[in-house]
Amino acid sequence: MITLQVNGRKYDVDVDPSTPLLWVLRDTLGLTGTKYGCGMAQCGACTVHLEGEAVRSCVTPVSRAAGKKITTIEGLSANLSHPLQRAWIEIDVPQCGYCQSGQIMAAAVLLRENARPTDTDIDDAMAGNICRCGTYPRIRRAIHRAAELLAERGRR
Amino acid sequence: MSAAKVSRREFLRSGTLVAGGLVIGLRLPALSAAEEAPGLGAGVFAPNGFVRVGTDEAVTIIVNKSEMGQGIYTSLPMILAEELEADWSRIRVEAAPVAPEYNHTVFGIQLTGGSTSVWSSFDQLRQAGAMARLLLVAAAAQAWGVEAAACRAENGFVLHSASGRRLSYGQLADRASTMPAPIEVALKNPKDFKLIGKPMRRLDTPAKTNGTAVFGIDVKRQGMLTAVVARPPVFGARVKSFDARKALAVPGVWHVVQIDAGVAVVADGFWPAKRGRDALEIVWDEGPLAGLDSQAQREQYAELAQQPGAVARREGDAAAAMGGAAKRLEAVYELPYLAHATMEPMNCVADVRPDGCEVWTGTQFQTGDRDAAAQAAGLPPEQVKLHTTLLGGGFGRRAVFDSHFVREAVQVSKTVKAPVKVVWTREDDIRGGFYRPAC
Ligand code: FES
Ligand code: FES
């Protein structure tokens, strides 16, 4: 049995410890917001937070996540209120949408570490997240917008 | 305006221009038996296959094109809602089932492709919205005992200006569902458009921002197993023999079955299925394409390109013009085979039971896939229910003439007698999926 703490909830899962966290989230826990794109840390679709750090869940053995705090897109906010989600909606970022959970989770870590990222900061931090639909320009704008929303929130 | 009693099941063809605007004969396909099933619930107003208005004010627009990022779950509803004079904040979208009334108006089968969706659906959805609006107005007029001409529809309400009365679409839904279907409808004058031609927010963005959007790969069914298939190492290869023992020894693996596409390992989830797949020992008969070589193929194409091709159009004397040209530019363009690389790897869920088959997948080609599923299941097409999910990219990869990704899921489900999700790995698709054509 491995104990996981996902989005503030505890789960005991009976899986092989080498199973990638991605498949435990998706198949065992039914949290399908986290996506499979490549299974080899090449696309970023499976990005989640492990103790606040962005990790590729497709190459993270579940044993490494045991007992640690895991956050998935489902746990980012209860009601689309996270500044990134608000910015994403305002700017209408997604097209097919498949990559977007990973994009948002990666962006969340960037904004935590850098409250006012430049275009270059964004491009550097987001380089590992592929979007086949090519929504990059709007992702960039939305991250800037989320930074603004965060700043407003901070002022209040 | 005439509102003759005509069955909803009839196609009507007439077109007249009357004073005051364009009145057209309705050319809406009627609801099929499946859509008219009692499951609709009391009071729901479903005048045609494209829209339902509930007593709860929800306006559900049924979209017969696949959402793969192009925004069709927003643009087609805009067209219908425009004519319906619906309250945009009440719009819900539902994927159409497979039925003749949802066929592409030009291609005659149900599919999404070729950048054709908006223009080919435009007239149809305007009519569908206008028809619903007309019936709601007629229902209000009847309720108030006034002329329909004295009422108008606006933002989800029918208004009677003379008396200041108004009724919402939800309040009118029940009565509207008893009104006789019109044979003609008046379409709005495009100068009065409020939605069409305006930038609108996409309806599917919130669900694509919090993980709730359901793609084919996210479908869950009770008792569902997941399969990963060992696919041919070269195009056209066939399984000669295989040893499943190591695969079956992987915890969580339940079945190993041979299908047309290769050998499927069926397990509790993707990970054991993939591990089982990797543990399979297969002897392949690589067939005549074993020696296929990109370089040789390229040379063959170059040679073929020297031969005269089919003439699409002939105009003027190109040869003479080129001969007398002051400057001649020559260029060779080559395009390799490319994987479409949809962000969502290929997948399909099938549940074959003795009396029917259900399929869930992100497809661009509903008619073909439904028929292929029926064939693979050994059932008549009427017993196949295909549910179109969101597509994590299409690009034509999900409109394939042989419906292979649907067929294989049906084969596996039929064999193991359980709902099965077949998932392609990224490598499976890059290595052996359908490519974009080369030239
Ligand atoms: S699925 Fe993990 S990086 Fe692509
Ligand atoms: S929105 Fe389609 S892959 Fe990014």
Side-chain angles (χ1 to χ4, degrees), chain A residues 7 14-16 18-20 22-24 26-28 30-40 42-45 58 62 72-82 84-105 130-135 142, chain B residues 66-71 73-74 199-220 224-226 250-252 267-275 339-345 347 362 390-395 397 421 423-430:
Chain A
N7 303 330
D14 182 13
V15 294
D16 186 290
S18 67
T19 309
L22 170 66
W23 298 109
V24 178
R26 288 183 54 85
D27 288 350
T28 313
L31 293 170
T32 50
T34 305
K35 301 303 188 209
Y36 163 60
C38 67
M40 45 178 74
Q42 299 288 307
C43 75
C58 68
V62 65
T72 69
I73 185 75
E74 290 92 344
L76 199 59
S77 79
N79 48 8
L80 291 165
S81 61
H82 189 284
L84 279 164
Q85 291 170 317
R86 287 169 57 200
W88 243 246
I89 291 168
E90 189 181 311
I91 291 169
D92 242 344
V93 174
Q95 287 190 25
C96 82
Y98 195 77
C99 72
Q100 300 292 340
S101 303
Q103 305 281 1
I104 293 171
M105 296 311 279
I130 291 174
C131 175
R132 171 66 169 91
C133 298
T135 62
Chain B
S66 307
E67 176 59 71
M68 45 190 150
Q70 82 280 44
Y73 276 15
T74 305
M200 300 288 291
R201 292 253 169 86
R202 290 176 61 133
L203 294 169
D204 54 355
T205 299
K208 290 177 174 176
T209 307
N210 66 2
T212 55
V214 175
F215 298 86
I217 205 166
D218 303 326
V219 169
K220 301 174 191 115
M224 184 179 79
L225 299 170
T226 302
V250 173
D268 284 335
F270 175 92
W271 192 246
K274 160 104 174 22
R275 281 183 65 203
H340 298 81
T342 56
M343 199 72 200
E344 176 195 14
N347 62 81
L390 292 171
L391 284 67
F395 319 112
R397 177 66 181 94
K421 178 193 290 178
V423 179
W424 293 51
T425 64
R426 173 63 62 201
E427 304 93 295
D428 288 344
D429 196 41
I430 301 266

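Throughout, a chain's letter reflects where its sequence line sits, starting with A, and its residues are numbered from 1.
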To check you understand the geometry: which heavy-atom pair defines the closest contact between Cys96(A) and Gly393(B), and what is its length?
CB-N, 3.5 Å
Side chain of Asn210(B), backbone of Leu80(A): donor and acceptor closer than 3.5 Å?
no
Interatomic distance, CG@Asp92(A) vs OG1@Thr205(B), rounded to 0.5 Å, equals 3.5 Å
What residue among Asn347(B), Val423(B), Asp218(B) forms side chain to side chain contact (heavy atoms under 4.5 Å, CB included) with Tyr36(A)?
Val423(B)
Could you measure the distance from the NE2 atom of His82(A) to the OG1 atom of Thr209(B)? Nearest 0.5 Å is fine.
12.5 Å
So does Gly37(A) get a backbone contact from the side chain of Arg426(B), meaning a donor-acceptor N/O pair under 3.5 Å?
yes
Looking at side-chain heavy atoms only, is the closest gap between Lys35(A) and Met343(B) below 4.5 Å?
no
Please determine, among Thr19(A), Val15(A), Val93(A), the option with the most heavy-atom pairs under 4.5 Å with chain B.
Thr19(A)
Between NZ on residue Lys208(B) and CD on residue Gln95(A), distance to nearest 0.5 Å:
8.5 Å
What do the steps show when you test Glu427(B) against Met40(A) for side chain to side chain contact (heavy atoms under 4.5 Å, CB included), and what is the final call?
CA-CA 10 Å; Glu427(B) 304 93 295; Met40(A) 45 178 74; 3.5 Å; yes
Taking every heavy atom of Phe215(B) against every heavy atom of Gly97(A), the minimum-distance pair comes out as CZ-C, 3.8 Å
Examine whether an atom of Ala213(B) lies under 4.5 Å from a heavy atom of chain A, and if so say whether it belongs to the side chain, the backbone or both; otherwise answer neither.
backbone
Given the options Glu74(A), Gln42(A), Gln100(A), Gln85(A), which has more heavy-atom pairs under 4.5 Å with chain B than any of the others?
Gln85(A)
Max heavy-atom pairs within cutoff under 4.5 Å with chain B, candidates Leu31(A), Leu76(A), Ile130(A), goes to Ile130(A)
Residue, of Cys133(A), Gly30(A), Ser18(A), that accumulates the most heavy atom pairs under 4.5 Å with chain B:
Gly30(A)
Just verifying a value: how many Å separate Cys99(A) SG and Glu344(B) CD, rounded to the nearest 0.5 Å?
12.0 Å
Interface residue of largest heavy-atom contact number with chain A, from Ile430(B), Leu390(B), Thr425(B), under 4.5 Å
Thr425(B)
Side-chain donor-acceptor contacts of residues 267-275 of chain B below 3.5 Å, not counting sequence neighbours, with atom names and distances?
residue, atom, partner, partner atom, Å
Asp268(B), OD1, Trp254(B), NE1, 2.6
Lys274(B), NZ, Asp278(B), OD2, 3.0

Contact part of Pro206(B) toward chain A, heavy-atom cut-off under 4.5 Å: side chain, backbone, both or neither?
both
Toward chain B, the part of Asp16(A) with a non-hydrogen atom under 4.5 Å:
side chain
In terms of heavy-atom proximity below 4.5 Å to chain B, should Glu90(A) be classed as side chain, backbone, both, or neither?
both
Over all atoms of both residues, closest heavy-atom pair of Gly211(B) and Ser101(A)
CA-OG, 4.4 Å
For Pro345(B) versus Tyr98(A), what's the shortest heavy-atom pair and its separation?
CD-OH, 3.9 Å
